[in-house]
Amino acid sequence: MAVTGDDTAATGDMPTYQIRAPATALPQGVVMAASPGSLHSPQQLAEEATRKRELRLMKNREAAKECRRRKKEYVKCLESRVAVLEVQNKKLIEELETLKDICSPKTDV
DNA sequence: TACTATCGGCGTCACTCAAT
DNA sequence: ATTGAGTGACGCCGATAGTA
């Protein structure tokens, strides 16, 4: 698991699978906005607003996919850890029973 | 076969948090 | 204060399984 310990330690409410990664590159086909100074008419402003919204939605779409992918991976990781711990627990219980048998005094009833 | 319940994935919105 | 990324919550949709 690639989880930064510092992040999780600093923010208690942060899910452990969350990784605050640096900003990633834009998906292919994304064109950066024109500078605000180059806009004039209300028509142009409206188009710019629409374009910005679509860009935001597209980025959020990709972010959500990535977030879900990481979450699935995290859950899978937890499940395999549970499996390992269950085996370990079972072994310890068996060992305990063995030691009890060895140590307990015999009672003939 | 039509209907229903359940599940997984998706897109979107609203919010938080860190960086600037 | 603003901005961008990450994520929880919600609703929708298609696939699949179970049932009358």
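Below, read A as the first sequence line, B as the second, and so on, with proteins coming before strands; counting in each chain starts at 1.
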message: What's the angle between the local helix axes at either end of the helix from B/dT1-C/dA20 to B/dT20-C/dA1, using five pairs per end and rounding to 10 degrees?
response: 10°

task: Using a strict 4.0 Å threshold on nitrogen-to-oxygen distance, state whether A/R69 and A/E73 make a salt bridge.
output: yes

- prompt: After noting the C-alpha distance and the side-chain angles of A/K59 and A/E62, does the key distance pass the side chain to side chain contact (heavy atoms under 4.5 Å, CB included) rule?
  reply: CA-CA 5 Å; A/K59 280 187 173 182; A/E62 295 304 312; 5.9 Å; no

query: Roughly how far apart are A/T50 OG1 and A/R53 CZ, rounded to 0.5 Å?
result: 8.5 Å

Rounded distance (nearest 0.5 Å) linking atom CD of A/E54 with atom CZ of A/R56: 10.5 Å

query: Is it true that the side chains of A/E48 and A/Q44 contain a donor and an acceptor less than 3.5 Å apart?
result: no

Let me have the donor-acceptor pairs involving side chains of residues 79-96 of chain A, under 3.5 Å, with sequence neighbours excluded, atom names and distances please.
from	atom 1	to	atom 2	distance (Å)
A/S80	OG	A/K76	O	3.4
A/S80	OG	A/C77	O	2.9

task: Examine C/dG8: is either OP1 or OP2 under 4.0 Å from a nitrogen or oxygen in the side chain of A/K71? Give yes or no.
output: yes

Between the protein and nucleotides 9-13 of chain B, list every N/O to N/O distance that falls short of 3.5 Å.
from	atom 1	to	atom 2	distance (Å)
B/dG9	OP1	A/K72	NZ	2.9
B/dG11	N7	A/R68	NH1	3.1
B/dG11	N7	A/R68	NH2	3.1
B/dG11	O6	A/R68	NH2	2.3
B/dT12	OP2	A/R61	NH1	2.5
B/dC13	OP1	A/R53	NH2	3.2
B/dC13	OP2	A/R53	NH1	3.4
B/dC13	N4	A/N60	OD1	3.0

- prompt: Expressed in angstrom and rounded to an integer, what is the separation of A/R70 atom CZ from C/dA5 atom P?
  reply: 12 Å

